[in-house]
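What follows is a single structure, written as structure tokens, with notes after it.
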2 protein chains.
Amino acid sequence: MDRADVNGVTARADVCSTAMTAPETRNERKERTRRALLDAALRQASERGFAALSLREITKQAGVVPTAFYRHFESMDELGVTLVEESMRTLRTMIRGARNTPGGSADLIRASVRTLSEHVRSHGEHYWFLVRERYGGTGAVRQTIGVELKLLTGELAVDLARFEGLRDWSTDDLRMLADLIVSAMLATVLELLEARPGADAEITADAERKLRLIFLGVPHWRSR
Amino acid sequence: MDRADVNGVTARADVCSTAMTAPETRNERKERTRRALLDAALRQASERGFAALSLREITKQAGVVPTAFYRHFESMDELGVTLVEESMRTLRTMIRGARNTPGGSADLIRASVRTLSEHVRSHGEHYWFLVRERYGGTGAVRQTIGVELKLLTGELAVDLARFEGLRDWSTDDLRMLADLIVSAMLATVLELLEARPGADAEITADAERKLRLIFLGVPHWRSR
DNA sequence: AGATTGAGTGTACAGTCGTTCACTGAAAAC
DNA sequence: GTTTTCAGTGAACGACTGTACACTCAATCT
């Protein structure tokens, strides 16, 4: 078995008329191999890093010939940026989920961390990719992640501004706080990814304590 | 110019007897090309990542033939682990420097952050390497960094235990605090590395505020 | 003085890589 | 029904990779 035959070309050639193969429009088919390329790339990149990707290997896993790659992406970097955007979308989904959980401050921390850990578990590859390339990456991919993460920190700062003890904080102090939270949570994400799934409770408890400690300082903060 | 000719073989062949070339023992010479290999590898790895290293390119930069590599390292991974150890040594040096600065708590934060930023500026490649491979790496290199960083966090926890408001903290709480500090400082290191050198003051000021905020919560902490 | 060691050399090989080019054939457009 | 479009094909390329092997020759040891 050399290639994955995602499009089922072999089967389609002789079975298409007899078996109930779904009739596919050309765009659907194109989109499908595009997805196959992205999925293969994400899997490889989350394991060995984006820099170690091989165009040939990706196309092999996607079930197409190497040259077919260029029908979908102009370069590897373009595919990388697409992966960043998709990963960022799931990250934003997570944050939105954490934001919309009702409850008090202590419970909110608990609920948010819980949302985070569950999301990391169910979208491991996206988080691996983001963490990996945020620090280890190069070029367009790394830069894009940096920009998006800065944007995301800004959003978090805005969210924080609506909380009780933070209403009168300056924009810059809020950004600093958001930054601190993000870096702490990023470290938590890495711990979750590296640990065996059984250790989740321990790690999330640790993350909760870190956030609690940070927020304990908030009432006593005065900007200088 | 194909190779760097670190050992000056070309010159030595005909000038050795006339010019005052320092007489070198065999071990000295070996150590020198070993260093050249490590330096070339560190430079490349800090720019493009360890995974993107090429044995041939490293040896070319070191001024030796590719196969000579194996006289010094059994594999690329072995060289990688050596780089981790060396980088970790400079990191420990930095921490020791920060620990030994006298002064009160507020000044201590300021002095420590200052030590950090100066160290990052003067040992940029080591810090690039550590940050890169801690998150983006694979295999032995990444694992070694993880272990060493955990050890280092432990040391920091012990250091923290001697401070005023932290004497009665549990070991686990201290480790959590150390962890939080390390992750915040790691993010700071990355900011320093990515920013143009002129922005140092801004970044260090930010780092100071983060640490101050964290320590503001300490007096109000009660373990659950 | 002669034997030994070992860092560095040069050639060669089998793989993999990204990219080029002309092509096929079915879906889409006319 | 004919033409056009274009995702996917397959061979070929030049460049680069890590490593095996037999070698040289100066520093070291005896």
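Each chain gets a letter, A, B and so on, in the order the sequences are listed, and its residues count up from 1. This is a predicted model, so every value here is computed, not measured.
The distance between atom CZ of A:R71 and atom C1' of C:dG25, rounded to the nearest whole Å, is 13 Å. One can place CD of A:E78 at 16 Å from C1' of C:dG18, the figure rounded to the nearest angstrom. At whole-Å resolution of the value, CD in B:Q44 and P in D:dT17 are 10 Å apart. B:E74 places its CD atom 10 Å from the P atom of D:dT19, with the value rounded to the nearest Å. When the C1' atom of D:dA20 is taken as reference, atom CZ of B:F69 falls 16 Å away, rounded to whole Å. In this entry the distance linking CD1 of B:I58 with P of D:dC16 reads 16 Å, nearest Å. Remark: P of D:dG18 and CG of B:D77 are 13 Å apart, rounded to the nearest angstrom. What separates CD of B:E31 from C1' of C:dG8 is a distance of 16 Å, to the nearest Å.
Distances were taken from every side-chain heavy atom of B:R26 (C-beta onward) to each of C:dT5, C:dG18, C:dG8; the shortest belongs to C:dT5. In the set C:dA7, C:dT9, D:dT9, the nucleotide with an atom closest to the side chain of A:V64 is D:dT9. The side chain of A:Y70 approaches C:dT19 more closely than any other nucleotide in the set C:dT19, C:dA7, D:dG18. In the set D:dA7, C:dG8, D:dA20, the nucleotide with an atom closest to the side chain of B:T67 is D:dA20. Listed nucleotides C:dC17, C:dA7, D:dT19 differ in distance to B:R56; the shortest reach to its side chain belongs to D:dT19. Of all nucleotides listed (C:dG18, C:dA7, D:dT28), D:dT28 comes nearest to the side chain of B:T25.
Residues meeting the ring-ring contact (aromatic ring centres under 6.0 Å, His included) test with B:Y135, sequence neighbours left out: A:Y135. Residues satisfying the side-chain contact (heavy atoms from CB on, under 4.5 Å) criterion with B:D200, sequence neighbours excluded, are B:R121, B:L192.
Residues from residues 136-144 of chain A placing a heavy atom under 4.0 Å of any atom in DNA chain D do not occur.
A donor-acceptor contact under 3.5 angstrom links the side chains of A:H72 and A:T33, judged on distance only.
Between A:A68 and B:N27, the one whose closest nucleotide on DNA chain D sits nearer the 5' end is A:A68.
Looking at B:R43 and B:E47, no side-chain N of the basic residue comes within less than 4.0 Å of a carboxylate O on the acidic one, giving no salt bridge. The existence of a salt bridge linking A:E194 and B:R142 is confirmed by a sub-4.0 Å separation between a basic side-chain nitrogen and an acidic carboxylate oxygen.
Ring geometry for B:H123 versus B:H126: interplanar angle under 30°, hence parallel rather than tilted (30 to 60°).
Note that CG of B:L79 is 8.0 Å distant from CZ of B:R34, once rounded to the nearest 0.5 Å.
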